[in-house]
Amino acid sequence: MAEGLVVANDGEEYHGKLTCFVILACMMAAMGGVIFGYDIGISGGVTSMEPFLKKFFHDVYIKMKEDKEISNYCKFDSELLTSFTSSLYVAGLFATFVASSVTRAYGRKASILLGGANFLAGAALGGTASNIYMLIIGRVLLGVGVGFANQAVPLYLSEMAPSKYRGGFNNSFQLSVGIGVLIANLINYGTEKVKGGWGWRVSLAMAAVPASILTLGALFLPDTPNSLIQRTDDHEKVKRLLQRVRGTDDVQAELDDIILASEISKTIKHPFKNILQRKYRPQLVMSVAIPFFQQVTGINVIAFYAPILFRTIGLGVSTSLLSAVVTGAVGIVTTGLSMLIVDKVGRRGLLIFGGIQMFVTQMIVGGLMGAKLGDHGGLSKGWAFVILVLICTYVAGFGLSWGPLGWLIPSEIFPLEIRSAGQSISVSVNFLFTFLVGQTFLAMLCHFKFGIFFFFGVWVAIMTAFVYFFLPETKNLPIEKMDRVWREHWFWKRIVGENNEVTIKEEEG
């Protein structure tokens with residue numbers, strides 16, 4: 001059953017080396033991930049701060065402080081509170097479709113620049129908010145920025161990186177997201193102690209710092225050769241850029257593949273319509289399945305609401321925020337490890353190993369909370385520490401696998417003619433289910449209680465099985481030759497094999 005899952009490279013590596021030019025360009029582009037992570041982490045922290053709740057979500061503040069009858073699991077259940085968190089993802093969902101057209105017509109760089117500008121506006125509005133409307137509009141602007149950045153940055157990283165380093169470079173996006181979450185948790189931990197109750201303003205406004213770096217940096221970023229060739233017939237110009245990026249004059253083989261992909265791309269007038277064709281069926285399935293599964297791991301339970309979750313089990317505000325810092329640090333370390341080994345171990349192995357690790361820890365956490373935490377009171381310090389360790393183990397599994405690879409795999413599997421459309425579908429599915437999970441989690445926590453961990457655990461088991469049977473290995477294969485993984489896979493070759501007979505004969509000839 002598992003035969004044909006690993007596709008050999010057959011030595012088809014392009015010439016070139018890992019240049020400082022590529023490293024610096026990708027570091028700057030990955031700053032979009034820092035802002036995304038910051039916006040994820042900052043919301044969970046500020047929503048656990050009493051001055052913030054008192055000003056904008058007074059009903060939640062009253063339940064938390066004065067209602068002694070309400071269940072531990074229901075103290076933060078508020079549609080308005082979840083709307084604040086999840087409005088970012090609704091805006092990102094719609095923005096990514098606009099970003100697809102911008103990315104295709106004007107390049108990856110243009111989308112990154114527009115994303116940075118919207119981040120700046122959202123940070124300014126959030127930091128100065130005087131009412132709930134300003135607060136949510138600020139989050140919407142941040143969401144537009146996330147939509148543009150998340151559509152363009154993973155594509156930029158995959159196209160700029162040499163194929164044998166593509167996995168590590170693309171994983172830097174998720175590493176950047178983890179760094180952003182950690183920075184947000186550290187800032188929340190500090191600003192919660194600010195006297196006068198205005199520390200949350202600092203937390204929200206500080207998003208302007210990485211946004212400024214991204215916006216200014218985008219002005220100096222080159223576009224990718226793959227994107228540039230879609231907008232010019234000057235092949236010599238593209239060749240010079242490719243030589244600069246690869247650090248060698250011998251780039252003709254890669255240039256020829258990019259030119260061929262571009263010629264095919266220019267015949268496609270409606271990429272969103274064309275992606276529905278049978279020959280693109282595997283990519284379409286993965287563009288929906290991978291981001292869907294990434295969100296139903298339950299990671300955003302931790303990313304959005306870690307401080308709230310830790311308060312649920314009886315920890316204080318400062319201890320909850322500090323615990324969120326610890327989980328954020330674990331995520332960064334394991335994502336860094338994933339960067340180092342993904343191009344050696346491969347995508348499938350990491351996804352399966354990480355899935356098993358997450359499933360086991362979720363089952364244990366759910367069981368312990370069911371046995372030890374009632375509707376009132378809290379856990380003892382000893383059991384709270386055990387829960388924290390288990391959650392860190394869960395985060396480690398995600399950071400090693402579904403965190404970075406959930407962005408890497410969709411960004412590397414699409415042919416150029418549908419690449420922007422495919423990435424938009426992937427990002428929009430990601431945002432849709434991020435929104436749904438974010439919007440419903442606090443209500444689910446109230447109704448499911450400890451069963452919430454069993455709910456997400458079942459999904460982790462399903463997605464691990466999906467990877468084992470249906471996801472081919474894509475490591476080390478040039479991005480413009482990725483179609484072969486579907487032709488050689490035990491299941492997908494039944495669907496795309498006939499559509500690619502001409503291509504196969506050309507390659508054999």
Side-chain angles (χ1 to χ4, degrees), residues 13-19 21-33 99-100 102-113 115 148-174 176 217-218 221-232 235 237-248 251 253-266 271 283 287 343 404 407-424 426-427 474-483:
E13 285 288 347
Y14 300 132
H15 293 285
K17 57 186 178 181
L18 190 59
T19 61
F21 180 80
V22 170
I23 294 172
L24 291 173
C26 289
M27 284 175 61
M28 187 60 66
M31 190 58 64
S100 173
V102 173
T103 302
R104 181 178 170 89
Y106 301 103
R108 287 49 166 154
K109 175 180 174 176
S111 283
I112 294 173
L113 186 60
F148 273 87
N150 285 20
Q151 207 278 340
V153 169
L155 288 183
Y156 187 94
L157 294 171
S158 285
E159 291 177 347
M160 286 292 276
S163 58
K164 64 181 178 180
Y165 300 116
R166 187 176 63 246
F169 266 89
N170 199 284
N171 281 11
S172 69
F173 181 73
Q174 180 64 27
S176 301
L221 282 176
D223 218 329
T224 69
N226 314 64
S227 177
L228 181 61
I229 206 164
Q230 287 185 297
R231 311 192 311 279
T232 180
H235 292 177
K237 181 180 180 181
V238 178
K239 184 175 182 179
R240 289 193 298 271
L241 174 60
L242 195 57
Q243 289 171 336
R244 187 181 173 196
V245 169
R246 298 292 178 243
T248 179
V251 296
E254 184 172 4
L255 179 63
D256 288 343
D257 282 340
I258 292 175
I259 291 172
L260 178 60
S262 176
E263 289 173 352
I264 296 172
S265 173
K266 288 175 181 178
Q283 293 96 324
S287 71
D343 288 312
W407 294 106
L408 166 60
I409 293 169
S411 73
E412 68 181 1
I413 62 174
F414 300 109
L416 185 61
E417 64 267 23
I418 58 164
R419 192 168 294 159
S420 290
Q423 183 70 3
S424 285
S426 180
V427 172
T474 57
K475 70 173 182 177
N476 296 338
L477 194 66
I479 195 169
E480 302 302 351
K481 293 183 178 293
M482 196 62 70
D483 61 322

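Keep in mind the model is a prediction, meaning the values are calculated, not measured. What's counted below: heavy atoms across the whole structure, side chains too, no hydrogens, waters or symmetry copies.
Closest of all the heavy-atom pairs between V22 and V245 is CG2-O, 3.1 Å. Considering all non-hydrogen atoms of both residues, L18 and P162 come closest at CD1-CD, 4.1 Å. Between Y106 and D223, the shortest heavy-atom distance links the atoms O-OD2, 3.9 Å. Heavy-atom minimum distance, M160 versus P225: SD-CD, 4.1 Å. The shortest non-hydrogen separation linking S424 to S100 is OG-CB, 2.6 Å.
Considering CG of L228 and NZ of K239, their distance stands at 15.0 Å, rounded to 0.5 Å. The CG atom of L242 lies 14.0 Å from the NZ atom of K237; values are rounded to the nearest 0.5 Å. Rounding to the nearest 0.5 angstrom, the gap separating the CD1 atom in I259 from the CG atom in N226 is 11.5 Å. Once rounded to the nearest 0.5 Å, the distance linking CZ of R240 with CG of L255 reads 11.5 Å. Here the CG-CG distance, from L157 to L408, works out to 10.0 Å after rounding to the nearest 0.5 Å. Of the inter-residue distances, the one linking Q423 atom CD with S111 atom OG reads 11.0 Å to the nearest 0.5 angstrom.
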Could you walk me through whether R231 and S227 pass side chain to side chain donor-acceptor pair (under 3.5 Å), step by step?
CA-CA 7 Å; R231 311 192 311 279; S227 177; 2.8 Å; yes
Just do the side chain to side chain contact (heavy atoms under 4.5 Å, CB included) check on R419 and E159 with the steps written out, would you?
CA-CA 11 Å; R419 192 168 294 159; E159 291 177 347; 2.9 Å; yes
From CA spacing to verdict: side chain to side chain donor-acceptor pair (under 3.5 Å), S426, S287
CA-CA 5 Å; S426 180; S287 71; over 6 Å; no
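Contact annotation: the side chain of I112 never approaches that of F148 to less than 4.5 Å [non-hydrogen atoms, C-beta and beyond]. When side chains are defined from C-beta on, I229 counts as touching H235, because their heavy atoms get closer than 4.5 Å.
The side chain to side chain donor-acceptor pair (under 3.5 Å) test with T103 singles out one residue from R108, K109, Q151, and that residue is Q151.
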